[in-house]
Amino acid sequence: MRLARRKQDTPADEVVRIAPAVAYDGDLYHPPDWRQRRGQERELGRGHAAEGQIDTLTLETGSVPRFHELEDERLAELANVEDCAEREQQRARAEFESQKIRLAESQRAFGEARQALDDTRRHLAELEQPSRRPGDGRPGSIALSGSRWPVVRRWLPAALLLVLLLIVEVPILYQVILNWGDSVAMTALLAAGAALIMLVAPHMYGRAFRAWQEAGSPARGRWLLGFVALAWLGLIGAVAVLRRDALVKPLVVDGQNIGPTSDGAGQLPTMILLLALLVATALIAADLGRRMHNPNDRRLRELRAKRDAEAATCARAQADYQRDAGYAESVAQYVQAAERRHAGRVRQLDSGFESLATAYLGGVVEGLHDPEAASWAERIVSRRRSVP
């Protein structure tokens, strides 16, 4: 019985069937302990000789009463061998039919696991190509490499830029909302929260825009993205107006009016400059979000994890299939070797009882202490061996 499978590194390969951990053993017959029995027969022969139940004259006639008892015992043991052989055949055939069902189930499970693994590998091979443009459905090269340093090297400048913009935005917004907080700490918290929102919101918008580029979106989704962009533009305009008012509002320091911060600059140029700065900040944050977020990177990680899990499942299913196949083959071999096993048991039985008869004669000769008895015993043994 042979099995075939696909290795991870080769498209197709043969797998050698592994032997089961425990091969089938359905033997019900257990032969006598011939060594112990021979010792018993030798002692019995000595005892019969010492008690006078057998002598040299009896050996000369060639008649040994104990031989008839051993023959009866041999025939009874032979009948036991026949009975055990029949029951062993029935049990082995039943076990083989049951194992064929288990083998079919494990083969089906292995086939399904291997098919699932092959499908995942095929999808992963299609996905493991670096992205060249947004929307091509492929992950970034950093996600493919799996290395951390390229991630840090690529996104550290962007993160530092966002942090720098946040640091710059906080004091500006602090001045804008100076009169909104009940205390300096409250005003600072409001300014930090507003600055964070001014950067995080465009960043998240960029991530959503990249997801739309990769996966597409219905018309409602595109309209929603456009509406959010317009709403954010309106919010930027409102913040720019507040900043302009904060700049053109006269400053009072120690009770003295020192004039507005933007003294000498017109309101229109100031407004244009503020809008440009706010729009540029939002665009930078949005573009960083768009570049940093590629949904295919997550899909790649999920597919790789799925491949590893399915590979482990396939390996377990294959091991089960090989084990069941090996066990089924061992049962089949056991059934096929029934005749040889029966013939071997009969030969061992005949040889064993012959050795018992020989051991008995040896004990008799030892008990009689008669050289002539040894000669007649040797003739009996030779004659028994010559009889087919």
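Residue numbers run from 1 in the order of the sequence given. Because the structure is predicted, anything quoted here is derived from the model rather than measured.
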So how far is it from [X] [atom1] to [Y] [atom2], rounded to the nearest 0.5 Å?
X	Y	atom1	atom2	answer
Lys100	Gln107	NZ	CD	13.0 Å
Glu60	Arg379	CD	CZ	8.5 Å
Glu71	Leu78	CD	CG	9.5 Å
Arg114	Asp119	CZ	CG	12.0 Å
Asp320	Glu105	CG	CD	11.5 Å
Gln115	Glu112	CD	CD	9.5 Å

Side chains of [X] and [Y], heavy atoms from C-beta outward: is any pair under 4.5 Å?
X	Y	result
Tyr360	Arg42	no
Arg93	Phe96	no
Asp118	Arg121	yes
Val335	Gln89	yes

Quiz item: Distance under 6.0 Å and angle within 45° of the ring axis: does Arg341 meet both against Tyr334?
Solution: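 Satisfied, under 6.0 Å and within 45°.
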Quiz item: Any cation-pi pair here, Arg108 with Phe110, using under 6.0 Å and within 45°?
Solution: no
[Y] reachable from [X] in the ILVMFWY side-chain graph, under 4.5 Å edges:
X	Y	value
Val346	Leu356	yes
Val365	Val381	no
Ile54	Ile380	yes
Trp34	Leu70	yes

Practice problem: For Thr61 and Trp376, run side-chain contact (heavy atoms from CB on, under 4.5 Å): C-alpha distance rounded to whole Å, both residues' side-chain angles, the deciding distance at 0.1 Å, then the answer. | Solution: CA-CA 9 Å; Thr61 62; Trp376 286 112; over 6 Å; no
Do NZ/NE/NH1/NH2 and the carboxylate oxygens of [X] and [Y] come within less than 4.0 Å?
X	Y	result
Arg307	Glu310	no
Glu302	Lys306	no
Arg66	Glu41	yes

Are side-chain N/O atoms of [X] and [Y] paired as donor and acceptor at under 3.5 Å?
X	Y	answer
Gln322	Tyr327	no
Arg102	Gln99	yes
Arg316	Thr313	yes
Glu77	Tyr29	yes

Practice problem: Could you check Arg46 against Val364 for side-chain contact (heavy atoms from CB on, under 4.5 Å), going step by step and ending with a plain yes or no? | Solution: CA-CA 5 Å; Arg46 292 195 192 100; Val364 170; over 6 Å; no
Quick check: does any side chain N or O of [X] sit under 3.5 Å from a backbone N or O of [Y], one acting as donor and the other as acceptor?
X	Y	result
Ser330	Tyr24	yes
Ser98	Ala94	no
Thr358	Glu354	yes
Asp370	Glu372	yes

Practice problem: Carefully, step by step, assess Ser106 and Asp324 under the rule side-chain hydrogen bond (donor to acceptor under 3.5 Å, both in side chains). | Solution: CA-CA 7 Å; Ser106 61; Asp324 290 342; 3.1 Å; yes
Tell me the closest heavy-atom pair linking [X] and [Y], and the distance in Å.
X	Y	value
Leu59	Ala373	CD1-O, 3.7 Å
Ala113	Cys314	CB-CA, 3.9 Å
Arg38	Ser355	NH1-OG, 3.4 Å
Ser63	Thr58	O-CG2, 3.0 Å

Exercise. Please check if atom CD in Glu378 has more than 12 non-hydrogen atoms from other residues, nucleotides or ligands closer than 6.0 Å.
Key: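 No, because the 6.0 Å sphere around CD of Glu378 holds 12 heavy atoms or fewer from other groups.
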Quiz prompt | Neighbour count above 12 (heavy atom, 6.0 Å) for Arg122 CZ | solution = yes
Self-check item: Reference residue Asp27; test salt bridge (charged side-chain N to carboxylate O under 4.0 Å, His left out); the match among Arg91, Arg345, Arg87
Solution: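 Going through Arg91, Arg345, Arg87 one by one, the salt bridge (charged side-chain N to carboxylate O under 4.0 Å, His left out) with Asp27 is satisfied by Arg345 alone.
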